[in-house]
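Structure first, commentary second.
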Number of protein chains: 2
Amino acid sequence: MQLNDLEIFRQLYELHSINATARALGFAQSNITARLQSLEREFNVQLFHRSHQGITPTKAGTEFYAYATAALKATARLRAHLHPDNARPQAIISTLLFNYLTSYRHVLSLQDYQYQLLSSTAIHTLTNTRVATVITYAQFQQPDYQPGPLHYLPAMFLRAPSATPSLPLLINSDQQCPFRARSLHFAAHHPVTTQAIDSWAAIINLVRAGQGVALLPAYLTQDDTLTRIPGTPGYRVPYRTYTRQ
Amino acid sequence: MQLNDLEIFRQLYELHSINATARALGFAQSNITARLQSLEREFNVQLFHRSHQGITPTKAGTEFYAYATAALKATARLRAHLHPDNARPQAIISTLLFNYLTSYRHVLSLQDYQYQLLSSTAIHTLTNTRVATVITYAQFQQPDYQPGPLHYLPAMFLRAPSATPSLPLLINSDQQCPFRARSLHFAAHHPVTTQAIDSWAAIINLVRAGQGVALLPAYLTQDDTLTRIPGTPGYRVPYRTYTRQ
DNA sequence: ACGTCTTACGCTGAACGTAACGATT
DNA sequence: AATCGTTACGTTCAGCGTAAGACGT
């Protein structure tokens, strides 16, 4: 069992759906099926009942949930404990990645770093920084920094569930932002009006309020305040962690 | 992080040695180095100081140990909880495998099954059993039983640390036992006297008491009451889990 | 039709063993 | 020389995505 399996299980338990979990975490749903099966095989117990309406936890599944949440919490606590305030290194990261990695994937803990949220453009034009870690979509060619493996942030065009058709497409002002680039490319090939906004919080609020649509991380569909716009493409926005020395 | 990493870490912490951990768990020591490094990378912290005398935990390592033991305990507790007494399926398994998998690897929990310890010969000649699980070195070709993946039990010739040379080689009486087969093969090509004993507990006791040597699972070297006999070969004894239906 | 979950299948990278290395006792 | 941990390298298989299937609504 991997630690990631516990995260996947938590999503399965909370979303009652293999499909929704796969979308939210950016996996293929066949893969979530397989991970769940391997978990059930390892513990030799059925964790969910399957139906065509989704999945519902068994008694064992509910017990497993208590275990999984406790283990994830203990791991987060350990991370906090290993990196006490005074020794906390600095990290530079884009806003959406920060939300995704801390609130959602729980791969990064608030206690791991002192975070500095910067735009992709700002990160790209950075020179002579000395922070321990930089997480960004942009190329980050600096001496002393080692690129980590490529990862992907799943993204799609979202709107409020109740939204009317033909809302403006809201686009971030950050010149180097890959969400901006993909949004502009889409807009160039489809009949939509666009609107630049320079804050992600503002964009997400506007989309939630039904005032516009935007290209956003897929995990925001999780709580059903946003849904994917049918017929629009999905993306996997690549990013990398660069570590000093 | 895998659950197995926690087990490896526990051994590292308790044995203060990468080499000893590798031997005990049946891994190449380069692999233990790599697993430890990946653990340190994942949590971004050094867990052990390395020296030519072995490894000593850092402060972070000690904190990690508390976490690891708690997590392993919680997992064992979950396994117990998922398979309450009344619903416990039956498993047939060889003695040495039982000890290895329950006491040592903690892959099997006492609470998972009602165990029935049988000799390899008895398992091999079994017909018409209906137990849920059979774990054995032998081929087990029965309708309704699905073979699982092949695993290996690392084994080597062991003696007491203080033992004198040229002790008799103790061999199990179980005709189908792969330890017996390998011991006999070794004896045929080397000048040793042999002695058949029909109980593993007796063999291990005799070896501990310095009355003989025997081919035994490698993990028994863990507590330093037994050591490997230099110049003798090591084996990886294959076994499989067969599951009903 | 559409949305569930499952199965089939090919690919890739992590995990493994072998072996060579460097350093200390 | 023996023993320790590290590095290099080739292999293998779990985990991944794509795609098709089976089943209900």
Side-chain angles (χ1 to χ4, degrees), chain A residues 1-9 11-12 15-23 25-42 46-58 61 148-152 154 218 221 224 227-228 230-231 233-236 238, chain B residues 1-5 7-9 11-12 15-42 46-58 61 148-152 154 218 221 224 227-228 230-231 233-236 238:
Chain A
M1 183 181 62
Q2 320 228 42
L3 212 52
N4 234 341
D5 291 330
L6 295 184
E7 189 58 43
I8 291 172
F9 176 86
Q11 295 294 338
L12 286 170
L15 298 178
H16 296 283
S17 162
I18 291 181
N19 270 276
T21 299
R23 282 196 301 275
L25 292 176
F27 288 106
Q29 93 261 43
S30 68
N31 187 34
I32 301 295
T33 295
R35 299 300 286 270
L36 175 56
Q37 284 173 344
S38 98
L39 211 55
E40 291 182 325
R41 213 177 318 117
E42 175 168 357
Q46 184 171 357
L47 297 172
F48 291 97
H49 296 296
R50 275 74 156 177
S51 82
H52 295 283
Q53 281 77 262
I55 57 178
T56 55
T58 60
L150 205 57
H151 288 103
Y152 295 93
T221 59
D224 293 332
T227 60
R228 182 175 191 174
Y235 303 92
R236 297 169 73 231
Chain B
M1 185 181 62
Q2 318 228 50
L3 212 50
N4 234 342
D5 292 330
E7 190 59 42
I8 291 172
F9 176 86
Q11 296 294 340
L12 286 170
L15 298 178
H16 297 283
S17 162
I18 290 181
N19 270 276
T21 299
R23 280 195 303 276
L25 292 176
F27 288 107
Q29 91 259 49
S30 68
N31 188 33
I32 301 294
T33 295
R35 298 301 284 271
L36 175 56
Q37 284 173 343
S38 100
L39 211 55
E40 292 182 326
R41 214 177 316 117
E42 174 168 356
Q46 185 171 355
L47 296 171
F48 291 97
H49 297 295
R50 275 75 156 177
S51 82
H52 295 283
Q53 283 76 264
I55 56 178
T56 56
T58 61
L150 206 56
H151 289 102
Y152 295 93
T221 60
D224 293 329
T227 60
R228 182 176 191 174
Y235 304 92
R236 297 169 72 232

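Note: hydrogens, waters and symmetry copies are ignored here, and every other heavy atom, side chains too, is used. Sequence lines set the chain letters: A, B, ... in the order given, protein chains first and strands last, and positions in each chain run from 1.
Across the protein-nucleic acid pair, B/L25 atom CG and C/dC16 atom P stand 11 Å apart, rounded to whole Å. A/L39 places its CG atom 17 Å from the C1' atom of C/dT6, with the value rounded to the nearest Å. Taking atom CD1 of A/I32 as the reference point, atom P of C/dC5 lies 11 Å away to the nearest angstrom. The interatomic distance linking B/L36 (CG) with D/dT7 (C1') rounds to 15 Å, in whole Å. In this structure, B/D5 atom CG and C/dA14 atom C1' are separated by 11 Å, rounded to whole Å. Taking atom CG on A/L15 and atom P on C/dT4, their separation rounds to 12 Å, with Å as the unit. If you measure from atom CD of A/E42 to atom P of D/dG15, you get 10 Å, rounded to the nearest angstrom. Between B/I8 atom CD1 and C/dC16 atom P there is a gap of 6 Å when expressed in whole angstrom units.
With A/E42 contributing its side chain and A/M1 its backbone, the two residues share a donor-acceptor pair below 3.5 Å. Checking side-chain atoms of B/Q29 against main-chain N and O of B/I18 turns up no donor-acceptor pair under 3.5 Å.
A distance of 8.0 Å separates NE2 of B/H16 from OG1 of B/T56, quoted to the nearest 0.5 Å. Atoms CZ and CG, from B/R41 and B/L36 in turn, are 10.0 Å apart once rounded to the nearest 0.5 Å. Distance check: A/T21 OG1 to A/I55 CD1 gives 6.0 Å after rounding to the nearest 0.5 Å.
Taking the side chain of B/A28 as heavy atoms from C-beta on, and the options C/dC5, C/dG17, D/dG17, the nearest nucleotide is C/dG17. Listed nucleotides C/dC5, D/dC23, D/dC4 differ in distance to B/H52; the shortest reach to its side chain belongs to D/dC4. Closest to the side chain of B/R23, from the set D/dC4, C/dC5, C/dG17, is D/dC4.
Phosphate contact (OP1/OP2 of C/dG3, side-chain N/O of A/N19, threshold under 4.0 Å): absent. The side chain of B/Q2 contributes an N or O atom lying less than 4.0 Å from OP1 or OP2 of C/dA15. Residue B/R50 places at least one side-chain N or O closer than 4.0 Å to OP1 or OP2 of D/dT6. Of the side-chain N and O atoms in B/N31, one or more sit less than 4.0 angstrom from OP1 or OP2 of C/dG17. A/Q29 has no side-chain polar atom (N or O) that falls below the 4.0 Å cut-off from OP1 or OP2 of D/dT18.
Taking 3.5 Å as the limit, the base of C/dT7 and the side chain of A/T33 contain no donor-acceptor pair of atoms between them.
B/S51 comes within contact range of the sugar-phosphate backbone alone, with a heavy-atom separation under 4.0 Å but no base atom that close. Looking at heavy-atom distances under 4.0 Å, B/S17 makes contact with sugar-phosphate atoms alone, never a base.
Comparing A/Q53 and A/N4 against DNA chain D, the residue whose closest nucleotide sits nearer the 5' end is A/N4.
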